[in-house]
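There's a structure below that I have some questions on.
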Amino acid sequence: MKVGVFGSEYQEEKQSVIKRLFEKLIEKEAEIYVDYRFHIFLTDVLNYSPPIKGELFDDDFDLDVALSVGGDGTFLRTAARVNKQDIPILGINTGRLGFLADVSNNELEDTLEELFKNYYKIEERTLLRLHTEERAYRGYNYALNEIAILKRDTSSMITIHTSLNNEYLASYEADGLVIATPTGSTAYSMSVNGPIIIPQSNSMVLSPVAPHSLNVRPLVIPDTYVITLGVESRSKNFLIALDGRSEVFPTGIELIISKADYTTKVIKRYNHTFYKTLRDKLMWGADVRMK
């Protein structure tokens, strides 16, 4: 099995977990490839040099599975690297919350055993695509969690003129607007009071950030809709962030957001359901009065 390992470079305290991961891969005689930045971290910071087949320098590689070692941010970066290559990703959590990277420290060996026995399920997660007439966004223009349109720094709020399938919806006067997938409904969108949507829902949600009007609420729409946005700002620019990868845009650029033409494949254990993750990660339905 060809296995690619992608990881966070800020987890020196997780050294034992990383070593256990490589020891298990070696035991299973995997063909191991490591992201070059993570490999530098392993050798230079952790002083650890596992035997590997090679390093991954670009975004074009041939793997059977990608392992993301870190938190959800690391998973999102791994998904961006995998892009449209149809490689399933397993998230191993050495971070904090972990909705995408939900394999915990004490599940590591058992999960890898199941992986090599092909005993797992794959969930296909939808992405969002950002399009402009001229290629204004210089980076990877897809997002697994959300696309956020935001004011810059301490500038005054912005106005976001919003249309759905070419029909005018509203002009949001706010600090920003978050357009999230079901996967991203438990991320930034949730922090601005957006609804939680199960991953299998064919929908997306528009959640305003600190809206000026109290009668503006998050809106769930079908993921077949095309969202068109125009932004006004006193500073003549605004921030656009795709899964946290942000760039400054000038006002006057029309933004078109739609469902991507491919999905991200996420490996899940059979006992890891979305509802169990809600209970474990968010204490969903827990009564704090009960001990």
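One-based numbering along the sequence shown.
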- Do NZ/NE/NH1/NH2 and the carboxylate oxygens of Glu123 and Lys265 come within less than 4.0 Å? no

- Message: Just checking Phe6 against Phe38, ring centres under 6.0 Å apart?
- Response: no

- Note on the structure: Interatomic distance, CG@Leu67 vs OG1@Thr111, rounded to 0.5 Å, equals 10.5 Å

- Task: Indicate yes or no: at least one non-hydrogen side-chain atom of Leu115 is less than 4.5 angstrom from one of Val3.
- Result: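 Side chain of Leu115 against side chain of Val3, heavy atoms only: no contact under 4.5 Å found.
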
- What residues, two or more places apart in sequence or in another chain, satisfy side chain to side chain donor-acceptor pair (under 3.5 Å) together with Glu254? none

- Item | More than 12 heavy atoms of other groups within 6.0 Å of Arg234 CZ | no

- Quick one: CD1 on Ile92 to CD1 on Ile267, what's the gap to the nearest 0.5 Å? 9.5 Å

- Task: Check the pair Lys2, Asp64 against salt bridge (Lys or Arg N to Asp or Glu O under 4.0 Å), reporting the backbone distance first and the verdict last.
- Result: CA-CA 5 Å; Lys2 292 182 179 179; Asp64 295 311; over 6 Å; no

- Task: Please collect all side-chain hydrogen bond (donor to acceptor under 3.5 Å, both in side chains) contacts where either partner lies in residues 21-30, sequence neighbours excluded, each pair once.
- Result: Lys24-Glu27, Lys24-Glu113, Lys28-Glu113

- Query: Under 6.0 Å from the CG atom of Asp261, do we count more than 12 heavy atoms belonging to anything else shown?
  - Reply: yes

- Message: Can you give me the closest heavy-atom contact between Arg245 and Tyr140, atom names plus distance?
- Response: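 In terms of heavy atoms, the two residues are closest at NH2-O, 2.8 Å.
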
- Message: Starting from Leu150 and following side-chain heavy-atom contacts under 4.5 Å between hydrophobic residues (I, L, V, M, F, W, Y), which residues can be reached?
- Response: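 Members besides Leu150, by chain and number: Val178, Tyr188, Val192, Val209, Leu239, Val248.
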
- The salt bridge (charged side-chain N to carboxylate O under 4.0 Å, His left out) partner of Arg81 among Asp58, Asp35, Asp60 is Asp35

- Query: Under 6.0 Å from the OH atom of Tyr225, do we count more than 12 heavy atoms belonging to anything else shown?
  - Reply: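 No, because the 6.0 Å sphere around OH of Tyr225 holds 12 heavy atoms or fewer from other groups.
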
- Please report the shortest heavy-atom distance between Leu242 and Tyr142, naming the atom on each side.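 Looking at all heavy atoms of both residues, the shortest contact is CD2-N, 3.7 Å.
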
